[in-house]
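See below for the structure under consideration.
Everything quoted here is computed from the prediction, not taken from an experiment. Side chains included, hydrogens not; waters and symmetry mates left out as well; all remaining heavy atoms used.
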Amino acid sequence: VQLQASGGGLVQAGDSLRLSCVASGRTTSSYGMMGWFRQAPGKERDFVATISRSGDSTYYADSVKGRFTISRDNAKNTMYLQMNSLKPEDTADYYCAASTTRFGRIVKPPAPSDFGFWGQGTLVTVSS
């Protein structure tokens, strides 16, 4: 069972990027909640966005609300993070994660411990 994150890169402030997280060995429809976290150098891993299994419930960190959009396509075993209006403070390694224990509507930001499966990071660097 593996999650593979991709799509990071070096962009300028105001640009857009779309991150992808592909599941192998297990379909995304078998996961409940999935999400994105990020970790800047020397800092803790922070929550970014999360989405329910059906995709009808999402939750965002205040810092990205209105700029980032999380989605998932269970037919393609893929979750996405569309990032618009990027800022230098968005620079970080971005990690995708999946849960097999959290289902249903999302009403509060999850903790990293809510997720049992993690992908490797994909680096996003935003220059000013």
Side-chain angles (χ1 to χ4, degrees):
V1 176
Q2 194 172 21
L3 298 175
Q4 182 77 31
S6 64
L10 172 63
V11 297
Q12 293 186 327
D15 286 349
S16 298
L17 275 177
R18 187 175 79 159
L19 305 184
S20 298
C21 177
V22 179
S24 60
R26 183 168 186 156
T27 61
T28 55
S29 60
S30 70
Y31 291 119
M33 178 174 66
M34 296 184 72
W36 292 94
F37 286 73
R38 66 186 181 186
Q39 188 167 17
K43 295 188 177 181
E44 294 184 350
R45 189 168 296 188
D46 291 331
F47 164 72
V48 176
T50 188
I51 187 168
S52 62
R53 182 171 65 175
S54 64
D56 62 353
S57 181
T58 58
Y59 204 100
Y60 295 91
D62 288 343
S63 59
V64 306
K65 201 174 296 182
R67 299 188 297 122
F68 291 10
T69 303
I70 189 171
S71 61
R72 65 194 285 176
D73 186 339
N74 290 333
K76 295 183 178 180
N77 287 333
T78 305
M79 176 181 64
Y80 304 97
L81 185 68
Q82 178 66 43
M83 305 186 294
N84 298 330
S85 302
L86 282 161
K87 304 176 181 180
E89 51 264 43
D90 294 318
T91 295
D93 280 307
Y94 283 71
Y95 297 87
C96 61
S99 171
T100 55
T101 59
R102 290 286 302 274
F103 294 85
R105 184 174 176 79
I106 302 167
V107 296
K108 63 180 181 179
S113 58
D114 289 323
F115 298 90
F117 299 91
W118 290 85
Q120 89 298 346
T122 185
L123 179 63
V124 173
T125 303
V126 185
S127 64
S128 57

**Asked** Do Lys65 and Asp62 meet the salt-bridge criterion of a basic N to acidic O distance under 4.0 Å?
**Response** yes
**Message:** Using a 3.5 Å distance criterion without hydrogens, assess whether the side chain of Ser29 forms a donor-acceptor pair with backbone atoms of Asn74.
**Reply:** no
**Whether Thr122 side chain and Tyr94 backbone form a donor-acceptor pair below 3.5 Å** = no
**Asked** Given side chains that start at C-beta, do those of Asp90 and Arg38 come closer than 4.5 Å, heavy atoms only?
**Response** yes
**Message:** Checking Asp93 now: which residues fulfil side-chain contact (heavy atoms from CB on, under 4.5 Å) with it, not counting sequence neighbours?
**Reply:** Tyr95, Leu123
**Request:** Give me the ring orientation class for Phe115 and Phe37: parallel if the planes are under 30° apart, tilted from 30 to 60°, perpendicular past 60°.
**Result:** perpendicular
**Prompt:** Given Met34, which of Arg102, Arg72, Arg53 fulfils the side-chain contact (heavy atoms from CB on, under 4.5 Å) condition?
**Reply:** Arg72
**Asked** Hey, is the main chain of Ala92 close enough, under 3.5 Å, to the side chain of Gln39 for a donor-acceptor pair?
**Response** no
Below 3.5 Å, can you tabulate the donor-acceptor pairs from side chains in residues 9-21 to any protein atom, sequence neighbours excluded?
{"residue": "Asp15", "atom": "OD2", "partner": "Gln12", "partner atom": "N", "Å": "3.1"}
{"residue": "Ser16", "atom": "OG", "partner": "Asn84", "partner atom": "OD1", "Å": "2.9"}

**Message:** Starting from Met83, can I reach Tyr60 by hopping between I/L/V/M/F/W/Y residues whose side chains sit under 4.5 Å apart?
**Reply:** yes
**Asked** Which atoms form the tightest heavy-atom contact between Thr28 and Asn77, and what is the distance?
**Response** N-OD1, 3.2 Å
**Prompt:** What closest approach, in Å, do Gly35 and Met79 show between heavy atoms, and which atom pair accounts for it?
**Reply:** O-CE, 3.3 Å
**Asked** Does NZ or CZ of Arg26 lie under 6.0 Å from the centre of the six-membered ring of Tyr31, at an angle within 45° of the ring axis?
**Response** yes
**Item:** Nearest heavy-atom neighbours spanning Thr58 and Gly55
**Value:** CG2-O, 4.4 Å
**Message:** Suppose we screen for side-chain contact (heavy atoms from CB on, under 4.5 Å). Which residues come up paired with Lys108, at least two apart in sequence or across chains?
**Reply:** none
**Item:** Check: Met33 main-chain N/O paired with Ser52 side-chain donor or acceptor under 3.5 Å
**Value:** no
